Amino acid sequence: MIRNYDKLIFELSKEGRVGYSLPKKEIDGYCMCCGLPDNLKRETTPELPEVTEFDVVRHYTNLSNKNFGVDTGFYPLGSCTMKYNPRINEEMAAHPAFTQLHPSLPVECAQGALEVYYNLAESLAEISGLAAFTLNPYAGAHGELAGLMIMRQYHMQRGDLKRTKVIVPDSAHGTNPASAAVCGLEIVEVKSTANGTVDVEDLKPLLDDTIAGIMMTNPNTLGIFETEIPEISRLVHECGGLLYYDGANLNAVLGKCRPGDMGFDIMHINLHKTFSTPHGGGGPGDGPVGVRAGLEQYLPNPQVKKDADGKFYLECDEKSSGYVSNFLGNFGVIMRAYTYILTLGRENVKMVGPLAVLNANYVKEALKGDYYLPIEGVCKHEFVFDGLVDKSTGVTTLDIAKRLLDYGYHAPTIYFPLLFHQSIMIEPTETESKETLDEFIAVMKKVAREAAENPDVVKSAPHSTPVRRLDETTAARFPKTTYKQMKG
Ligand SMILES: *Cc1c(COP(=O)(O)O)cnc(C)c1O
(Lines give C-alpha, C1' and ligand atoms only; values in the text may rest on other atoms or scores of the structure.)
Protein backbone atom coordinates (compact mmCIF):
# COMPACT_ATOMS: atom_id res chain seq x y z
CA MET A 1 0.00 0.00 0.00
CA ILE A 2 1.21 3.50 -0.81
CA ARG A 3 1.25 5.65 2.30
CA ASN A 4 -0.29 9.07 1.94
CA TYR A 5 3.05 10.83 2.35
CA ASP A 6 4.75 8.60 -0.24
CA LYS A 7 2.53 10.13 -2.90
CA LEU A 8 3.72 12.89 -5.17
CA ILE A 9 3.16 16.31 -3.67
CA PHE A 10 0.57 17.12 -6.36
CA GLU A 11 -1.39 14.02 -5.40
CA LEU A 12 -1.66 15.36 -1.83
CA SER A 13 -3.29 18.55 -3.08
CA LYS A 14 -6.73 19.43 -1.64
CA GLU A 15 -8.50 22.45 -3.02
CA GLY A 16 -8.31 25.40 -0.66
CA ARG A 17 -5.70 23.89 1.64
CA VAL A 18 -2.86 26.33 2.40
CA GLY A 19 0.58 26.22 3.95
CA TYR A 20 0.69 29.77 5.24
CA SER A 21 -1.27 32.18 7.34
CA LEU A 22 -0.74 35.79 6.50
CA PRO A 23 -2.49 38.78 8.04
CA LYS A 24 -5.20 40.14 5.77
CA LYS A 25 -4.04 43.68 6.18
CA GLU A 26 -0.67 44.73 7.49
CA ILE A 27 0.10 48.01 5.80
CA ASP A 28 -2.50 50.75 5.52
CA GLY A 29 -4.08 50.83 2.11
CA TYR A 30 -2.45 47.57 1.06
CA CYS A 31 -4.11 44.19 1.10
CA MET A 32 -2.35 40.95 0.16
CA CYS A 33 -5.33 39.82 -1.88
CA CYS A 34 -6.63 42.96 -3.53
CA GLY A 35 -3.96 45.61 -2.90
CA LEU A 36 -1.84 44.75 -5.96
CA PRO A 37 -2.22 46.96 -9.00
CA ASP A 38 -4.02 45.15 -11.80
CA ASN A 39 -1.03 45.11 -14.15
CA LEU A 40 0.94 43.05 -11.64
CA LYS A 41 -1.79 40.48 -11.04
CA ARG A 42 -1.68 37.05 -12.72
CA GLU A 43 -4.53 36.23 -15.02
CA THR A 44 -4.62 32.59 -14.11
CA THR A 45 -3.80 31.00 -10.79
CA PRO A 46 -0.47 29.10 -10.78
CA GLU A 47 -0.79 25.33 -10.82
CA LEU A 48 0.68 24.62 -7.44
CA PRO A 49 -0.17 21.83 -5.03
CA GLU A 50 -2.50 23.02 -2.30
CA VAL A 51 -0.97 21.50 0.81
CA THR A 52 -0.15 22.33 4.41
CA GLU A 53 3.32 23.18 5.67
CA PHE A 54 3.42 19.82 7.47
CA ASP A 55 2.58 17.98 4.20
CA VAL A 56 5.56 19.69 2.58
CA VAL A 57 7.96 18.97 5.44
CA ARG A 58 7.00 15.30 5.57
CA HIS A 59 7.08 14.93 1.80
CA TYR A 60 10.56 16.36 1.35
CA THR A 61 11.98 14.65 4.41
CA ASN A 62 10.79 11.28 3.09
CA LEU A 63 12.11 12.11 -0.33
CA SER A 64 15.53 12.94 1.13
CA ASN A 65 15.55 9.54 2.90
CA LYS A 66 15.32 7.85 -0.47
CA ASN A 67 18.63 9.43 -1.41
CA PHE A 68 21.85 7.47 -1.12
CA GLY A 69 25.10 9.15 -0.20
CA VAL A 70 28.44 8.44 1.38
CA ASP A 71 26.81 9.50 4.69
CA THR A 72 24.23 6.69 4.42
CA GLY A 73 26.22 3.74 3.14
CA PHE A 74 29.22 2.18 1.38
CA TYR A 75 29.85 3.86 -1.97
CA PRO A 76 32.58 1.95 -3.87
CA LEU A 77 32.19 4.01 -7.07
CA GLY A 78 35.51 3.47 -8.86
CA SER A 79 37.41 6.56 -10.02
CA CYS A 80 35.34 8.82 -7.77
CA THR A 81 37.10 8.43 -4.38
CA MET A 82 33.92 8.56 -2.30
CA LYS A 83 35.68 8.97 1.03
CA TYR A 84 34.17 10.35 4.22
CA ASN A 85 33.79 14.13 4.23
CA PRO A 86 34.76 15.20 7.77
CA ARG A 87 32.27 17.50 9.50
CA ILE A 88 34.93 19.96 10.61
CA ASN A 89 35.33 20.85 6.91
CA GLU A 90 31.69 21.93 6.90
CA GLU A 91 32.09 23.96 10.08
CA MET A 92 35.04 25.88 8.66
CA ALA A 93 33.37 26.47 5.29
CA ALA A 94 30.25 27.78 7.04
CA HIS A 95 32.18 30.26 9.19
CA PRO A 96 30.62 33.73 8.78
CA ALA A 97 34.10 35.30 8.53
CA PHE A 98 34.26 33.65 5.11
CA THR A 99 30.64 33.18 4.04
CA GLN A 100 29.84 36.86 4.48
CA LEU A 101 32.57 38.09 2.14
CA HIS A 102 31.40 39.51 -1.14
CA PRO A 103 33.53 38.27 -4.04
CA SER A 104 33.97 41.82 -5.33
CA LEU A 105 35.46 43.16 -2.09
CA PRO A 106 38.74 45.04 -2.48
CA VAL A 107 41.66 42.71 -1.69
CA GLU A 108 42.52 44.71 1.47
CA CYS A 109 39.21 43.54 2.96
CA ALA A 110 39.60 39.88 1.96
CA GLN A 111 43.11 39.12 3.18
CA GLY A 112 42.02 36.09 5.23
CA ALA A 113 40.25 34.43 2.31
CA LEU A 114 43.16 35.15 0.00
CA GLU A 115 45.52 33.66 2.58
CA VAL A 116 43.47 30.43 2.64
CA TYR A 117 43.62 30.32 -1.16
CA TYR A 118 47.35 31.02 -1.21
CA ASN A 119 48.15 28.48 1.51
CA LEU A 120 46.11 25.71 -0.14
CA ALA A 121 47.85 26.42 -3.46
CA GLU A 122 51.21 26.21 -1.67
CA SER A 123 50.26 22.93 0.05
CA LEU A 124 49.14 21.38 -3.24
CA ALA A 125 52.39 22.50 -4.87
CA GLU A 126 54.37 20.76 -2.15
CA ILE A 127 52.22 17.62 -2.27
CA SER A 128 52.56 17.34 -6.04
CA GLY A 129 56.13 18.58 -6.54
CA LEU A 130 55.14 21.44 -8.84
CA ALA A 131 55.92 25.16 -8.70
CA ALA A 132 52.55 26.92 -8.65
CA PHE A 133 48.82 26.24 -8.55
CA THR A 134 45.62 27.99 -9.54
CA LEU A 135 42.45 26.98 -7.69
CA ASN A 136 40.17 28.76 -10.16
CA PRO A 137 38.76 25.83 -12.23
CA TYR A 138 35.47 24.42 -10.96
CA ALA A 139 36.01 20.66 -11.50
CA GLY A 140 38.43 18.01 -12.70
CA ALA A 141 37.34 18.20 -16.31
CA HIS A 142 37.44 22.00 -16.12
CA GLY A 143 40.98 21.69 -14.75
CA GLU A 144 41.90 19.47 -17.71
CA LEU A 145 40.68 22.16 -20.07
CA ALA A 146 42.56 24.87 -18.15
CA GLY A 147 45.71 22.67 -18.17
CA LEU A 148 45.48 22.02 -21.90
CA MET A 149 44.97 25.75 -22.51
CA ILE A 150 48.26 26.27 -20.64
CA MET A 151 49.90 23.61 -22.82
CA ARG A 152 48.62 25.26 -26.00
CA GLN A 153 49.64 28.71 -24.76
CA TYR A 154 53.16 27.46 -24.01
CA HIS A 155 53.60 26.26 -27.61
CA MET A 156 51.93 29.33 -29.11
CA GLN A 157 54.09 31.76 -27.11
CA ARG A 158 57.14 29.98 -28.51
CA GLY A 159 55.76 30.32 -32.04
CA ASP A 160 55.53 26.52 -32.28
CA LEU A 161 52.16 26.50 -34.03
CA LYS A 162 52.27 23.02 -35.53
CA ARG A 163 51.61 21.28 -32.22
CA THR A 164 47.91 20.60 -32.41
CA LYS A 165 47.71 16.94 -31.32
CA VAL A 166 47.51 15.44 -27.87
CA ILE A 167 48.13 11.77 -27.08
CA VAL A 168 45.60 10.04 -24.83
CA PRO A 169 45.85 6.39 -23.66
CA ASP A 170 43.00 3.99 -24.53
CA SER A 171 42.43 3.49 -20.78
CA ALA A 172 41.86 7.24 -20.17
CA HIS A 173 38.80 8.72 -18.50
CA GLY A 174 36.35 10.05 -21.11
CA THR A 175 36.93 13.61 -19.96
CA ASN A 176 40.53 13.53 -21.30
CA PRO A 177 39.68 13.31 -25.01
CA ALA A 178 36.61 15.52 -24.41
CA SER A 179 38.72 18.30 -22.82
CA ALA A 180 41.29 18.04 -25.62
CA ALA A 181 38.54 18.37 -28.22
CA VAL A 182 37.03 21.40 -26.44
CA CYS A 183 40.52 22.94 -26.40
CA GLY A 184 40.68 22.53 -30.19
CA LEU A 185 43.33 19.79 -30.07
CA GLU A 186 43.30 16.64 -32.15
CA ILE A 187 43.31 13.35 -30.20
CA VAL A 188 45.75 10.54 -30.93
CA GLU A 189 45.19 7.29 -29.03
CA VAL A 190 48.03 5.23 -27.58
CA LYS A 191 47.36 1.58 -26.72
CA SER A 192 47.84 -0.28 -23.45
CA THR A 193 49.86 -3.46 -23.02
CA ALA A 194 48.30 -6.65 -21.63
CA ASN A 195 49.48 -5.44 -18.19
CA GLY A 196 47.23 -2.39 -18.50
CA THR A 197 50.01 0.20 -18.76
CA VAL A 198 50.83 2.52 -21.67
CA ASP A 199 52.60 0.65 -24.47
CA VAL A 200 55.88 2.52 -25.04
CA GLU A 201 56.44 0.74 -28.36
CA ASP A 202 53.05 1.96 -29.57
CA LEU A 203 53.87 5.48 -28.35
CA LYS A 204 57.22 5.92 -30.12
CA PRO A 205 55.95 6.20 -33.72
CA LEU A 206 53.29 8.73 -32.63
CA LEU A 207 55.86 11.27 -31.48
CA ASP A 208 56.72 14.08 -33.88
CA ASP A 209 56.69 17.88 -34.10
CA THR A 210 52.87 18.03 -34.25
CA ILE A 211 52.49 16.64 -30.72
CA ALA A 212 51.55 19.23 -28.07
CA GLY A 213 51.78 16.66 -25.30
CA ILE A 214 50.42 13.54 -23.65
CA MET A 215 47.72 13.19 -20.97
CA MET A 216 48.31 10.43 -18.43
CA THR A 217 46.66 9.19 -15.27
CA ASN A 218 48.89 7.51 -12.70
CA PRO A 219 47.85 5.17 -11.21
CA ASN A 220 45.72 4.79 -14.29
CA THR A 221 42.00 4.10 -14.48
CA LEU A 222 42.68 0.36 -14.02
CA GLY A 223 44.27 1.20 -10.67
CA ILE A 224 47.68 0.21 -12.02
CA PHE A 225 50.86 2.23 -11.50
CA GLU A 226 52.44 3.32 -14.77
CA THR A 227 56.02 2.10 -14.34
CA GLU A 228 57.33 3.43 -17.68
CA ILE A 229 56.80 7.10 -16.78
CA PRO A 230 60.53 8.03 -16.76
CA GLU A 231 60.95 6.64 -20.28
CA ILE A 232 57.66 8.21 -21.49
CA SER A 233 58.71 11.53 -19.96
CA ARG A 234 62.07 11.39 -21.73
CA LEU A 235 60.52 10.50 -25.11
CA VAL A 236 57.74 13.12 -24.99
CA HIS A 237 60.04 15.92 -23.79
CA GLU A 238 62.62 14.99 -26.41
CA CYS A 239 60.04 15.49 -29.13
CA GLY A 240 59.11 18.90 -27.68
CA GLY A 241 55.80 17.94 -26.02
CA LEU A 242 54.60 18.43 -22.45
CA LEU A 243 53.31 15.83 -19.96
CA TYR A 244 49.87 16.37 -18.45
CA TYR A 245 48.95 14.46 -15.29
CA ASP A 246 45.27 13.72 -14.67
CA GLY A 247 45.35 13.86 -10.86
CA ALA A 248 41.96 12.29 -10.25
CA ASN A 249 43.75 9.23 -8.83
CA LEU A 250 46.19 11.17 -6.66
CA ASN A 251 44.65 9.59 -3.55
CA ALA A 252 46.61 6.38 -4.22
CA VAL A 253 50.02 8.04 -4.06
CA LEU A 254 49.30 11.01 -1.80
CA GLY A 255 52.41 11.90 0.17
CA LYS A 256 54.30 8.90 -1.31
CA CYS A 257 55.38 10.11 -4.72
CA ARG A 258 54.87 13.31 -6.64
CA PRO A 259 53.83 13.95 -10.24
CA GLY A 260 56.41 16.78 -10.45
CA ASP A 261 59.18 14.30 -9.59
CA MET A 262 57.85 11.87 -12.23
CA GLY A 263 58.49 14.53 -14.90
CA PHE A 264 54.99 15.95 -15.37
CA ASP A 265 54.68 19.60 -16.41
CA ILE A 266 50.99 20.31 -15.78
CA MET A 267 48.37 18.57 -13.65
CA HIS A 268 44.95 18.93 -12.12
CA ILE A 269 43.66 17.73 -8.76
CA ASN A 270 40.04 16.97 -7.90
CA LEU A 271 39.48 18.47 -4.44
CA HIS A 272 36.14 16.61 -4.34
CA LYS A 273 37.98 13.29 -4.63
CA THR A 274 41.35 13.28 -2.91
CA PHE A 275 40.73 16.17 -0.53
CA SER A 276 37.43 15.05 1.00
CA THR A 277 35.09 17.73 -0.26
CA PRO A 278 31.54 16.59 -1.07
CA HIS A 279 30.51 15.57 -4.54
CA GLY A 280 27.56 14.11 -6.30
CA GLY A 281 24.55 15.96 -7.57
CA GLY A 282 26.80 17.84 -9.95
CA GLY A 283 29.02 19.60 -7.46
CA PRO A 284 30.20 22.13 -6.59
CA GLY A 285 33.73 20.79 -6.94
CA ASP A 286 37.10 22.34 -7.59
CA GLY A 287 39.87 21.38 -9.99
CA PRO A 288 43.15 23.12 -9.08
CA VAL A 289 45.79 23.13 -11.81
CA GLY A 290 49.51 23.08 -11.11
CA VAL A 291 52.52 23.72 -13.33
CA ARG A 292 56.25 23.16 -13.08
CA ALA A 293 58.66 26.09 -12.77
CA GLY A 294 58.79 28.05 -16.01
CA LEU A 295 55.09 27.71 -16.84
CA GLU A 296 53.63 29.90 -14.04
CA GLN A 297 52.91 32.85 -16.32
CA TYR A 298 50.47 30.75 -18.37
CA LEU A 299 48.21 29.93 -15.41
CA PRO A 300 44.71 31.40 -15.68
CA ASN A 301 44.07 34.96 -14.45
CA PRO A 302 43.87 36.22 -11.80
CA GLN A 303 46.59 34.64 -9.67
CA VAL A 304 46.83 35.16 -5.90
CA LYS A 305 50.28 36.47 -4.92
CA LYS A 306 51.97 37.52 -1.67
CA ASP A 307 54.20 40.60 -1.44
CA ALA A 308 57.31 41.10 0.73
CA ASP A 309 55.19 42.44 3.62
CA GLY A 310 53.00 39.34 3.63
CA LYS A 311 50.03 41.10 1.99
CA PHE A 312 48.02 39.19 -0.58
CA TYR A 313 47.07 40.66 -3.94
CA LEU A 314 45.67 39.59 -7.32
CA GLU A 315 47.82 39.63 -10.40
CA CYS A 316 46.93 39.24 -14.06
CA ASP A 317 49.64 38.14 -16.48
CA GLU A 318 49.34 39.08 -20.14
CA LYS A 319 50.92 35.75 -21.13
CA SER A 320 48.18 33.90 -19.24
CA SER A 321 46.00 31.36 -21.00
CA GLY A 322 43.00 33.49 -19.97
CA TYR A 323 40.12 33.42 -17.50
CA VAL A 324 38.43 30.10 -16.68
CA SER A 325 36.04 31.16 -13.93
CA ASN A 326 34.43 34.11 -12.21
CA PHE A 327 36.40 35.22 -9.18
CA LEU A 328 38.56 32.53 -7.55
CA GLY A 329 36.99 29.08 -7.95
CA ASN A 330 34.52 27.54 -5.53
CA PHE A 331 35.70 29.11 -2.31
CA GLY A 332 33.60 26.88 -0.01
CA VAL A 333 35.28 23.84 -1.53
CA ILE A 334 38.72 25.41 -1.19
CA MET A 335 37.99 26.06 2.51
CA ARG A 336 37.00 22.41 3.06
CA ALA A 337 40.08 20.99 1.31
CA TYR A 338 42.40 23.32 3.24
CA THR A 339 40.77 22.24 6.51
CA TYR A 340 41.23 18.58 5.53
CA ILE A 341 44.95 19.04 4.88
CA LEU A 342 45.46 20.96 8.14
CA THR A 343 43.54 18.41 10.24
CA LEU A 344 45.52 15.50 8.76
CA GLY A 345 48.89 17.20 8.98
CA ARG A 346 52.07 16.25 7.17
CA GLU A 347 52.44 12.79 8.73
CA ASN A 348 48.87 11.60 8.30
CA VAL A 349 48.62 12.79 4.70
CA LYS A 350 51.21 10.07 3.99
CA MET A 351 48.88 7.41 5.47
CA VAL A 352 46.05 8.07 3.03
CA GLY A 353 47.54 6.37 -0.03
CA PRO A 354 48.80 3.19 1.67
CA LEU A 355 45.47 2.64 3.50
CA ALA A 356 43.46 3.21 0.31
CA VAL A 357 45.73 0.71 -1.48
CA LEU A 358 45.45 -1.81 1.35
CA ASN A 359 41.64 -1.62 1.34
CA ALA A 360 41.45 -2.07 -2.44
CA ASN A 361 43.77 -5.07 -2.46
CA TYR A 362 41.91 -6.65 0.47
CA VAL A 363 38.59 -6.54 -1.41
CA LYS A 364 40.18 -7.61 -4.72
CA GLU A 365 41.87 -10.68 -3.25
CA ALA A 366 38.72 -11.74 -1.39
CA LEU A 367 36.54 -11.57 -4.52
CA LYS A 368 38.79 -12.72 -7.35
CA GLY A 369 37.57 -16.33 -7.05
CA ASP A 370 34.03 -15.19 -7.94
CA TYR A 371 34.69 -12.23 -10.20
CA TYR A 372 37.07 -12.36 -13.14
CA LEU A 373 40.25 -10.35 -12.53
CA PRO A 374 41.77 -9.67 -15.96
CA ILE A 375 45.00 -8.14 -14.61
CA GLU A 376 46.60 -9.96 -11.67
CA GLY A 377 48.97 -8.42 -9.17
CA VAL A 378 48.96 -5.63 -6.61
CA CYS A 379 46.66 -2.76 -7.56
CA LYS A 380 46.70 0.76 -6.22
CA HIS A 381 43.54 2.41 -4.82
CA GLU A 382 41.06 0.66 -7.15
CA PHE A 383 40.75 -2.34 -9.44
CA VAL A 384 38.61 -3.65 -12.26
CA PHE A 385 36.82 -7.00 -12.59
CA ASP A 386 35.56 -8.17 -15.97
CA GLY A 387 32.20 -9.58 -14.84
CA LEU A 388 31.74 -12.93 -13.11
CA VAL A 389 34.19 -15.80 -13.43
CA ASP A 390 31.24 -18.00 -14.41
CA LYS A 391 29.40 -16.15 -17.17
CA SER A 392 27.38 -19.22 -18.26
CA THR A 393 24.08 -18.03 -16.78
CA GLY A 394 24.21 -14.76 -18.71
CA VAL A 395 24.25 -12.53 -15.62
CA THR A 396 25.91 -9.25 -16.63
CA THR A 397 27.72 -6.47 -14.83
CA LEU A 398 24.58 -4.33 -15.04
CA ASP A 399 22.58 -7.09 -13.28
CA ILE A 400 25.16 -7.31 -10.51
CA ALA A 401 25.15 -3.53 -10.05
CA LYS A 402 21.34 -3.52 -9.82
CA ARG A 403 21.29 -6.42 -7.35
CA LEU A 404 23.72 -4.56 -5.06
CA LEU A 405 21.09 -1.81 -4.71
CA ASP A 406 18.74 -4.37 -3.13
CA TYR A 407 21.39 -5.00 -0.48
CA GLY A 408 21.76 -1.29 0.32
CA TYR A 409 25.00 -0.55 -1.51
CA HIS A 410 25.80 2.06 -4.09
CA ALA A 411 26.90 0.23 -7.23
CA PRO A 412 30.55 0.33 -8.29
CA THR A 413 31.42 2.07 -11.56
CA ILE A 414 30.32 -0.18 -14.41
CA TYR A 415 31.31 -0.55 -18.08
CA PHE A 416 34.30 1.71 -17.51
CA PRO A 417 37.15 1.50 -18.40
CA LEU A 418 36.23 0.42 -21.91
CA LEU A 419 39.12 -2.05 -22.15
CA PHE A 420 36.88 -4.91 -20.96
CA HIS A 421 33.32 -5.83 -21.93
CA GLN A 422 31.98 -6.28 -18.37
CA SER A 423 34.04 -3.81 -16.32
CA ILE A 424 33.19 -3.46 -12.63
CA MET A 425 35.44 -0.87 -11.05
CA ILE A 426 35.70 -0.87 -7.26
CA GLU A 427 37.33 1.82 -5.11
CA PRO A 428 36.71 1.40 -1.36
CA THR A 429 38.85 4.41 -0.18
CA GLU A 430 40.85 4.56 3.05
CA THR A 431 38.01 5.72 5.28
CA GLU A 432 36.09 2.40 5.33
CA SER A 433 36.54 -0.03 8.22
CA LYS A 434 37.45 -3.70 7.82
CA GLU A 435 33.94 -4.61 9.02
CA THR A 436 32.31 -2.60 6.24
CA LEU A 437 34.62 -4.17 3.66
CA ASP A 438 33.89 -7.68 5.02
CA GLU A 439 30.14 -7.08 4.77
CA PHE A 440 30.53 -5.85 1.19
CA ILE A 441 32.65 -8.87 0.29
CA ALA A 442 30.00 -11.20 1.76
CA VAL A 443 27.26 -9.49 -0.28
CA MET A 444 29.30 -9.61 -3.50
CA LYS A 445 29.86 -13.35 -2.92
CA LYS A 446 26.17 -13.83 -2.24
CA VAL A 447 25.29 -12.10 -5.53
CA ALA A 448 27.77 -14.37 -7.37
CA ARG A 449 26.08 -17.40 -5.73
CA GLU A 450 22.63 -16.11 -6.71
CA ALA A 451 23.87 -15.60 -10.26
CA ALA A 452 24.78 -19.29 -10.39
CA GLU A 453 21.79 -20.75 -8.53
CA ASN A 454 18.94 -18.36 -9.22
CA PRO A 455 20.05 -16.06 -12.05
CA ASP A 456 16.56 -14.62 -12.64
CA VAL A 457 16.54 -12.87 -9.27
CA VAL A 458 19.72 -11.03 -10.27
CA LYS A 459 18.59 -10.37 -13.84
CA SER A 460 15.34 -8.78 -12.62
CA ALA A 461 16.90 -6.71 -9.82
CA PRO A 462 16.43 -4.29 -8.18
CA HIS A 463 13.41 -5.51 -6.24
CA SER A 464 13.41 -3.24 -3.19
CA THR A 465 14.12 0.26 -4.52
CA PRO A 466 11.47 3.00 -4.99
CA VAL A 467 11.72 2.50 -8.76
CA ARG A 468 12.72 -0.69 -10.61
CA ARG A 469 15.04 -0.99 -13.60
CA LEU A 470 14.84 2.19 -15.66
CA ASP A 471 15.46 2.78 -19.31
CA GLU A 472 18.57 4.76 -18.45
CA THR A 473 19.10 6.30 -21.88
CA THR A 474 15.57 7.68 -22.01
CA ALA A 475 15.83 8.79 -18.37
CA ALA A 476 19.02 10.72 -19.15
CA ARG A 477 18.01 12.13 -22.53
CA PHE A 478 14.34 12.91 -21.86
CA PRO A 479 13.99 13.35 -18.11
CA LYS A 480 10.53 14.16 -16.85
CA THR A 481 11.17 16.73 -14.19
CA THR A 482 7.67 18.10 -13.65
CA TYR A 483 4.39 16.55 -12.57
CA LYS A 484 2.72 17.76 -15.76
CA GLN A 485 5.31 15.99 -17.93
CA MET A 486 4.80 12.79 -15.93
CA LYS A 487 1.04 12.87 -16.34
CA GLY A 488 1.16 14.07 -19.94
C1 LIG B 1 36.68 12.02 -12.01
C2 LIG B 1 37.70 11.96 -13.06
C3 LIG B 1 37.86 13.00 -13.98
C4 LIG B 1 36.90 14.18 -14.08
O5 LIG B 1 36.80 14.92 -12.94
P6 LIG B 1 35.46 15.76 -12.57
O7 LIG B 1 35.84 16.47 -11.34
O8 LIG B 1 34.37 14.76 -12.40
O9 LIG B 1 35.19 16.68 -13.72
C10 LIG B 1 38.91 12.92 -14.87
N11 LIG B 1 39.74 11.86 -14.90
C12 LIG B 1 39.60 10.82 -14.05
C13 LIG B 1 40.57 9.67 -14.11
C14 LIG B 1 38.57 10.82 -13.12
O15 LIG B 1 38.42 9.80 -12.28
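Whatever order the structure lists ligands and atoms in, that order sets their numbers, starting from 1. Keep in mind that what you see is a predicted model, and the values were worked out from it rather than measured. Computation of the quantities below employed the complete heavy-atom set of this structure, encompassing side-chain atoms and omitting hydrogens, waters and symmetry-equivalent molecules.
Across every non-hydrogen atom of Leu101 and Ala113, the tightest pair is CD1-CB, 3.5 Å. Nearest heavy-atom pair across Pro417 and Val384 is CD-CG2, 3.7 Å.
The salt bridge (charged side-chain N to carboxylate O under 4.0 Å, His left out) test applied to Glu365 returns Lys368, not counting sequence neighbours.
Relative ring orientation between His410 and Tyr75 is described as parallel, the plane-to-plane angle staying below 30° on a 0-90° scale split at 30° and 60°.
Residues Val352 and Lys83 have side chains in contact (heavy-atom distance under 4.5 Å, counting atoms from C-beta outward).
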What are the atom names and distances for all N or O pairs under 3.5 Å between ligand 1 and the protein?
{"unit_1": "ligand 1", "atom_1": "5 (O)", "unit_2": "Asn270", "atom_2": "ND2", "d": "2.9"}
{"unit_1": "ligand 1", "atom_1": "7 (O)", "unit_2": "Gly140", "atom_2": "N", "d": "2.8"}
{"unit_1": "ligand 1", "atom_1": "7 (O)", "unit_2": "Asn270", "atom_2": "ND2", "d": "3.1"}
{"unit_1": "ligand 1", "atom_1": "7 (O)", "unit_2": "His272", "atom_2": "NE2", "d": "2.6"}
{"unit_1": "ligand 1", "atom_1": "9 (O)", "unit_2": "Gly140", "atom_2": "N", "d": "3.4"}
{"unit_1": "ligand 1", "atom_1": "9 (O)", "unit_2": "Ala141", "atom_2": "N", "d": "2.8"}
{"unit_1": "ligand 1", "atom_1": "11 (N)", "unit_2": "Asp246", "atom_2": "OD1", "d": "3.3"}
{"unit_1": "ligand 1", "atom_1": "11 (N)", "unit_2": "Asp246", "atom_2": "OD2", "d": "2.6"}
{"unit_1": "ligand 1", "atom_1": "15 (O)", "unit_2": "Ser79", "atom_2": "O", "d": "2.9"}
{"unit_1": "ligand 1", "atom_1": "15 (O)", "unit_2": "Ser79", "atom_2": "OG", "d": "2.5"}
{"unit_1": "ligand 1", "atom_1": "15 (O)", "unit_2": "Lys273", "atom_2": "NZ", "d": "2.8"}

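Ion pairing of Lys446 with Asp370 is absent here, as no side-chain N (NZ or NE/NH1/NH2) approaches a carboxylate O to less than 4.0 Å.
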